[in-house]
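What follows is a single structure, written as structure tokens, with notes after it.
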Amino acid sequence: MDFEFVDYMDVALNAAEMSASRGEVPVGAVIVQSSSGRIIANSGNQMIARHDPTAHAEMLAIRAAGNMVGSERLVDCDLYVTLEPCPMCAAAISLARVRRLYFGAYDPKGGGVEYGARIFDQPSCHHKPEIYGGMQEERSAKLLKNFFETRR
């Protein structure tokens with residue numbers, strides 16, 4: 001496994017852990033400028049804190065990265081996220097023209113990439129990133145499982 005990749009997923013997992021510590025569903029996202037390898041955005045879920053159902057880690061990271069690069073297009077950027085993006089986030093990834101998507105755990109119940117709506121396979125989808133699923137899947141899935149076990 002590529003050393004840099006592990007570092008980016010570790011950053012995303014740390015953001016997910018921070019979300020869990022605040023009572024948010026533990027999902028973390030990191031956006032990396034591929035040409036420089038520099039992290040330009042990093043976020044965890046903040047739906048509860050912001051009273052905003054769209055405050056998913058991916059959405060917040062995409063917004064921050066757009067502000068950082070001064071464009072709604074993130075063509076030179078890669079997104080690392082701990083959970084397969086939902087349909088809303090997958091659509092935003094497409095609209096932002098993210099170059100590559102790396103995600104940890106698969107989400108058979110709410111995913112929008114490999115499961116569910118499969119946004120990138122729809123004829124109305126204008127951009128499909130390169131997709132790499134299952135990266136640090138066990139660690140990502142365990143974080144989610146532990147979080148929900150403590151709430152049941």
Side-chain angles (χ1 to χ4, degrees), residues 1-20 22 24-137 139-141 143-144:
M1 191 180 292
D2 180 2
F3 179 73
E4 287 182 13
F5 172 78
V6 173
D7 284 350
Y8 299 137
M9 282 303 288
D10 283 343
V11 173
L13 283 157
N14 287 338
E17 289 168 353
M18 292 298 294
S19 290
R22 294 188 308 270
E24 302 273 1
V25 174
V27 177
V30 172
I31 296 183
V32 177
Q33 194 168 42
S34 59
S35 59
S36 68
R38 189 178 74 148
I39 293 173
I40 60 171
N42 175 14
S43 186
N45 275 353
Q46 296 181 32
M47 294 177 296
I48 296 168
R50 293 181 180 223
H51 310 287
D52 180 356
T54 70
H56 291 198
E58 303 96 306
M59 299 294 285
L60 297 172
I62 288 169
R63 289 177 191 139
N67 285 328
M68 176 67 83
V69 300
S71 175
E72 73 282 6
R73 303 279 195 234
L74 302 174
V75 295
D76 183 36
C77 296
D78 300 334
L79 171 63
Y80 295 79
V81 61
T82 58
L83 180 65
E84 174 184 350
C86 72
M88 173 186 68
C89 293
I93 291 164
S94 176
L95 292 169
R97 307 297 197 266
V98 170
R99 185 179 79 124
R100 289 185 181 139
L101 167 63
Y102 299 90
F103 68 86
Y106 289 86
D107 189 357
K109 196 172 178 181
V113 177
E114 299 290 333
Y115 290 93
R118 300 181 65 114
I119 295 298
F120 302 126
D121 294 336
Q122 301 306 313
S124 58
C125 181
H126 296 290
H127 170 77
K128 180 179 182 175
E130 290 179 36
I131 301 166
Y132 303 92
M135 306 303 167
Q136 292 202 32
E137 180 179 9
R139 185 173 166 202
S140 297
L143 184 60
L144 287 158

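- No hydrogens or angles considered: nothing links the side chains of Asp78 and Ser34 as a donor-acceptor pair under 3.5 Å.
- With contacts defined as side-chain heavy-atom distances shorter than 4.5 Å, the pair Val27/His56 does not qualify.
- Nearest heavy atoms, Asn45 versus Arg22: O-NH2, 3.3 Å.
- Of the residues Val81, Asp107, Leu101, the one that meets the side chain to side chain contact (heavy atoms under 4.5 Å, CB included) test with Val113 is Leu101.
- Formation of a donor-acceptor pair under 3.5 Å by the Glu58 side chain with backbone atoms of Leu79 is not found in this model.
- Between Pro129 and Val98, the shortest heavy-atom distance links the atoms CB-O, 3.2 Å.
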Steps toward side-chain contact (heavy atoms from CB on, under 4.5 Å) verdict (Ser19, Val25): CA-CA 6 Å; Ser19 290; Val25 174; over 6 Å; no
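- One finds the CD1 atom of Ile119 at 10.5 Å from the SG atom of Cys89 (value rounded to the nearest 0.5 Å).
- We find the CD1-CD distance between Ile48 and Glu24 to be 4.5 Å, quoted to the nearest 0.5 Å.
- The aromatic rings of Tyr8 and Tyr80 sit tilted, their planes meeting at an angle between 30° and 60°.
- Side chains of Gln33 and Val69 form a contact here, defined as non-hydrogen atoms less than 4.5 Å apart.
- Contact detail for Ser43 and Ala57: the closest heavy-atom pair is O-CB, 3.6 Å.
- Nearest heavy-atom pair across Tyr106 and Glu137 is CD1-OE2, 3.3 Å.
- At distances below 3.5 Å, not a single donor-acceptor pair connects side-chain atoms of Thr82 with backbone N or O atoms of Leu13.
- Within the 3.5 Å criterion, the main-chain N or O of Leu95 finds a donor-acceptor partner in the side chain of Arg73.
- Checking Asp7, Val11, Ile31 one by one against Ile39, the side chain to side chain contact (heavy atoms under 4.5 Å, CB included) holds for a single residue, Val11.
- Across all their heavy atoms, Ile93 and His127 have their closest contact at O-CD2, 4.4 Å.
- For the atom pair Arg118 CZ and Lys128 NZ, the distance stands at 7.5 Å (nearest 0.5 Å).
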Leu60 vs Arg50, side-chain contact (heavy atoms from CB on, under 4.5 Å): CA-CA, chis, key distance, verdict: CA-CA 11 Å; Leu60 297 172; Arg50 293 181 180 223; 3.5 Å; yes
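- Within a 6.0 Å radius of CE in Met88, more than 12 heavy atoms belonging to other residues, nucleotides or ligands are found.
- Residues Ala41 and Ala64 approach most closely at CB-CB, 3.9 Å, considering heavy atoms.
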Pair Glu17-Leu143, side-chain contact (heavy atoms from CB on, under 4.5 Å): steps then yes or no: CA-CA 8 Å; Glu17 289 168 353; Leu143 184 60; 3.8 Å; yes
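- Side chains of Phe103 and Ile131 form a contact here, defined as non-hydrogen atoms less than 4.5 Å apart.
- Using a 4.5 Å cut-off on side-chain heavy atoms (C-beta onward), Asn42 and Met18 make no contact.
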Test log, rule side-chain contact (heavy atoms from CB on, under 4.5 Å), inputs Asp10 and Arg139: CA-CA 10 Å; Asp10 283 343; Arg139 185 173 166 202; 2.9 Å; yes
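- Atom OH of Tyr102 is separated from atom CE of Met9 by 11.0 Å, given to the nearest 0.5 angstrom.
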